[in-house]
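Data block below; observations after.
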Amino acid sequence: MLFFGKRLNLYLAIMSINSHPPYLDKLNEVQREAALCINGPVMIIAGAGSGKTRVLTYRIAHIIKQGVDAFNVLALTFTNKAAKEMKNRIEAVVGAEARNLWMGTFHSVFAKILRIEAERIGYPRDFTIYDTDDAKSVIKSIVKELNLDDKLYKVGLIYNRISNAKNSLITAKEYITIPELMEADASSGRPLISKIFAMYQLKCFKAGAMDFDDLLVNTFKLFKEHVDVLYKYQHKFKYIMVDEYQDTNLCQYMIIKKLAAMNQNICVVGDDSQSIYSFRGANIQNILNFEKDYPELNVFKLENNYRSTSTIVNASSSIIANNKEKLDKRIYTDNAEGDKIKVVRALSDNEEGRMVAQSIFEEKNTLHIANSDFAILYRTNAQSRSFEEALRKNNIPYRVYGGTSFYQRKEIKDMVAYLRMVVNPNDDEALKRIINYPARKIGNTTVDRLTLLASENECSIWEIVKNNTQHAAELGNSVAHIRDFYIMIQSFQSMLVSKNAYEIAEYVAKQSTLLKALYEDKTVEGVSRHENVMELLNGIKEFTEDDTNENDKTISQFLQDIALLTDADKDKENKDTVTLMTIHSSKGLEFKHVYVVGLEENLFPSQLSLNSRQELEEERRLFYVAVTRAEEKLTLSFATSRFKYGNLIPCEPSRFIDEIENKYLEFSYSNTIKMELPIAKKESQTFGKGYGMNVGKPSFSRPSAQIQISANFKESNTANLTAGQQIEHQRFGKGVVVSIQDTGDNRKALIKFSEAGEKTLVLKFAKLMILE
DNA sequence: TACTAAGCTCTTTTT
DNA sequence: GAGCTTAGTA
């Protein structure tokens, strides 16, 4: 079959050799037709592994070869990394001209436009981009200001509600006029959400800040209210392409529609079976309805899967066949049958980790393939732990994508907050973060007063700081300290005219005493924090010196870049590592051998998705995305019990495993491996590895020990002590933890250190659970 | 004002 | 498991 497929392609290539330019030789017939059809509306339905990126790449190359200037082409991709890779590939075909392409994620491209046009809609050019944390913090302060019950008005919930409204293009003003929304809020006991929404928008506006959704909404607003601007970009973008179209939301769709209205040269590429972002407002109907919007649409279906073995392709088709909401297409492959899909059962999450690590170790040695050929995909970020531990034990290098990235770290956010202040001092969130860090005698009380004054005057906190003399009465003794802070930030700002981004950043790091504070912290964490800030400075230096990037080299630009950076975008040196990531972030990638883990009911499909058919279907599409990442080998695993918040809970295997036809599966259950209990036996009176006692909350259900390190260590003020763990802390002392012992007194545990001797830790509770 | 002890809560996915 | 909050102490 394999050879036949290749020969067929060759035959087709010869047949049509005169009808297409030679640079399109690498495409099959349908792919080529899609690449050649550049005028008018086009929809490409591209199944997993059908060479979607390739078509898009050559289509753009073809457009440029037809004499269109690259800067008249707009291509919206799902990740910045995808854009970068595609750009490089296009460059290989058409040369340096490719660099002028407008390519990137919706957010980054629109941020670029907004930076040029911001003043038209009343924002400063150097507006700040608030990440989710900043946005939530703003909401939190509003809830506080309105004296609302924060147990009822949960920050995350409000954030989602506001975000959903925005993605559906509903403004705060319109929100009040929509009975469904208002009634829903009223009946849930949160009638003031609309008010919070309005205040939130105002606060962000006053702070010169946009959140992720604003980048889209404001672009829409810009085009809607300023016809001349719309006209300008309609002219500019003669050809528009949208990748991963199934994951666009209403707002994104409306913007594209506006931009494409003049030339109608719009091409969307997507796969309804891979629509997995409805929580972000993505609407599968966008792809299902595209035909209605453009009746004269040309549709191309890429159904030949080049990526995976026929076993994997057929099995994945049998999964997705269970969904009702889907476009008509039939994925097939000419590839060889390949191995059956392994189904592995483990007794616990830790055992699951061990089995997967063991399997990778064996495959690697017998097949002689690289670490980077393996991927472990899971539903939630929290699942990575057991796999990390097991891989570490087997000395297999790995890299975890997602979770807390470099730019989420406290020290990095602190440093970045200073830079944000330099560029846009009205950025309240940045100000609150650093006004007393490092400590400069401006305590919580003073900050609260400043916040209140800012609210009363409907201005940013910076305005109050600036006019501190006018508010001297309210601010009392702190005025002098506030003035010092003001002068310091101002001195940083004055450098903007003469110094480059790196020079300013370096100066700020030193003068703010941030570096000094971190340097003086000699704990393991402190040293690493210092290193991280140095790494950030180094990054800014590289950014300043980078001449391949056509953008300007200002701090403002740097901040925008990192605000929209995804973990997957960060090009770590191409080290040979096993990849660990959520299925969501695996989209667009492929690996020789994929492990889809944690396949348990209520975990995958998620418990929260079991309420409606649509949501369950989305989980199934997610499963489809996961299994279609695999080229040669696929392993599915689940555990029959799992630790959750310290509780050992029994698990049922996922219904998705049952949905695959049996003939594609190979079950390899073994009952011989004994479950290794994470808790030591009582007789030894020694706590097991990785477990100690819970100082915080006494709980019968939690056998592990959580030891609070210090409220100061904001990033993690609780931690597990592990025998063999290195520690350096004023309270626990220095050295290696030799053992953690029960003293016989329920309230005390004895921790022995290699150097600092013994310390007695007072505990509220100690319970040893024996499961064996 | 800074720090600690002890308690509570959350738990999907991401730009 | 991890983060956050609150009450109380230094």
Side-chain angles (χ1 to χ4, degrees), chain A residues 76-80 104-111 129-132 135 140 150-151 154-157 160 163 167 210-216 244 247-249 251-252 276-282 377-383 385 401-405 410 436 439 441-446 477-478 563-569 581-587 598 602-609 615 618-619 621-622 625-626 643-647 690-691 694-699 702 704-720 730-731 761-765:
Chain A
L76 296 162
T77 58
F78 200 68
T79 61
N80 292 307
T105 60
F106 276 89
H107 290 85
S108 65
V109 168
F110 294 162
I129 297 172
Y130 274 176
D131 66 12
T132 311
K140 207 168 161 185
D150 57 3
K151 300 234 164 57
K154 287 178 192 161
V155 173
L157 191 142
N160 285 336
S163 174
N167 283 323
M210 299 191 200
D211 66 17
F212 289 138
D213 302 319
D214 288 335
L215 293 175
L216 308 178
E244 307 282 8
D247 289 321
T248 53
N249 60 37
C251 186
Q252 293 167 322
I276 54 175
Y277 279 95
S278 69
F279 67 92
R280 223 165 74 185
L377 306 180
Y378 35 75
R379 177 68 238 264
T380 68
N381 280 307
Q383 283 165 260
R385 203 207 80 250
Y401 290 77
T404 37
S405 73
K410 181 188 177 296
N436 197 35
K441 307 209 163 155
I442 305 175
N444 287 342
T445 326
T446 310
N477 292 337
S478 321
L564 297 172
L565 207 66
T566 321
D567 208 33
D569 293 329
M581 56 167 57
T582 62
I583 300 164
H584 280 91
S585 38
S586 76
K587 197 160 62 164
N602 294 341
L603 180 63
F604 190 17
S606 157
Q607 197 167 10
L608 297 160
S609 307
E615 287 179 57
E618 176 149 328
E619 292 286 302
R621 290 196 292 269
L622 192 57
V625 169
F643 267 96
K644 199 178 179 184
Y645 322 135
N647 293 323
Y691 289 81
N694 184 356
V695 189
K697 180 190 171 194
S699 159
R702 181 195 284 174
S704 67
Q706 201 173 35
I707 295 170
Q708 194 168 3
I709 294 210
S710 162
N712 256 354
F713 291 19
K714 284 256 164 73
E715 294 307 301
S716 77
N717 63 350
T718 49
N720 284 325
Q730 46 180 353
R731 186 141 181 274
L761 181 67
V762 180
L763 299 169
K764 179 77 178 285
F765 176 82

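Every chain is numbered from 1 and lettered A, B, ... according to where its sequence line falls, protein lines coming before strand lines. The structure displayed is predicted, hence computed values, not measured ones.
- Counting only heavy atoms from C-beta on, A/Arg280 has its side chain closest to B/dT15 among B/dT15, B/dT13, B/dA2.
- Look at A/Asn381 and you'll find a side-chain N or O under 4.0 angstrom from OP1 or OP2 of B/dT13.
- Atom pair A/Leu76:CG and B/dT15:P shows a separation of 15 Å (rounding to whole Å applied).
- Where A/Ser108 and A/Arg379 each meet DNA chain B at their nearest nucleotide, the meeting point lying more 5' is that of A/Arg379.
- Remark: P of B/dT14 and CG of A/Asp211 are 18 Å apart, rounded to the nearest angstrom.
- Whole-Å rounding puts the A/Gln383 CD to B/dT13 C1' distance at 11 Å.
- Looking at A/Lys587 and A/Tyr277, their side chains come closer than 4.5 Å, going by heavy atoms from C-beta outward.
- Look at CG on A/Asn160: it is 15 Å from P on B/dT15, rounded to the nearest Å.
- Nucleotide B/dT13 holds its P atom 11 Å from the CD atom of A/Glu619, rounded to whole Å.
- As judged by a 4.0 angstrom heavy-atom cut-off over every strand, A/Thr132 is placed among the base-contacting residues.
- Going from atom CZ of A/Phe212 over to atom C1' of B/dT15 covers 5 Å, rounded to whole Å.
- The side chain to side chain donor-acceptor pair (under 3.5 Å) test applied to A/Gln607 returns no partner, not counting sequence neighbours.
- With sequence neighbours excluded, the residues forming a salt bridge (charged side-chain N to carboxylate O under 4.0 Å, His left out) with A/Glu618 are A/Arg621, listed by chain and number.
- Within the 3.5 Å criterion, the main-chain N or O of A/Ser163 finds no donor-acceptor partner in the side chain of A/Asp211.
- Residues A/Lys441 and A/Thr582 both approach DNA chain B. Their nearest nucleotides, taken by heavy-atom distance, put A/Lys441 toward the 5′ side.
- If you take CG of A/Leu157 and P of B/dT9, they are 17 Å apart, rounded to a whole angstrom.
- Each of B/dT1, C/dT5, B/dT15 was ranked by its minimum atom distance to the side chain of A/Thr446; first place goes to B/dT1.
- Closest to the side chain of A/Lys154, from the set B/dC10, B/dT13, B/dT15, is B/dC10.
- Candidate nucleotides B/dT15, B/dT14, C/dG1 were compared by shortest atom distance to the side chain of A/Phe279, and B/dT14 ranks first.
- Residue A/Lys140 is classed as a sugar-phosphate contact, given heavy-atom separations below 4.0 Å to backbone atoms only.
- Going from atom CD1 of A/Ile276 over to atom P of B/dT15 covers 11 Å, rounded to whole Å.
- Listed nucleotides B/dT15, B/dT12, C/dG1 differ in distance to A/Thr105; the shortest reach to its side chain belongs to B/dT15.
- Here the side chain of A/Leu608 is nearest to one of B/dT14, B/dT12, B/dT15, namely B/dT12.
- Within the nucleic acid shown, A/Tyr277 comes within 4.0 Å of sugar-phosphate atoms alone, with no base atom in reach, counting heavy atoms only.
- Nearest approach of A/Phe106 to A/Leu216, heavy atoms of both residues: CB-CD2, 4.0 Å.
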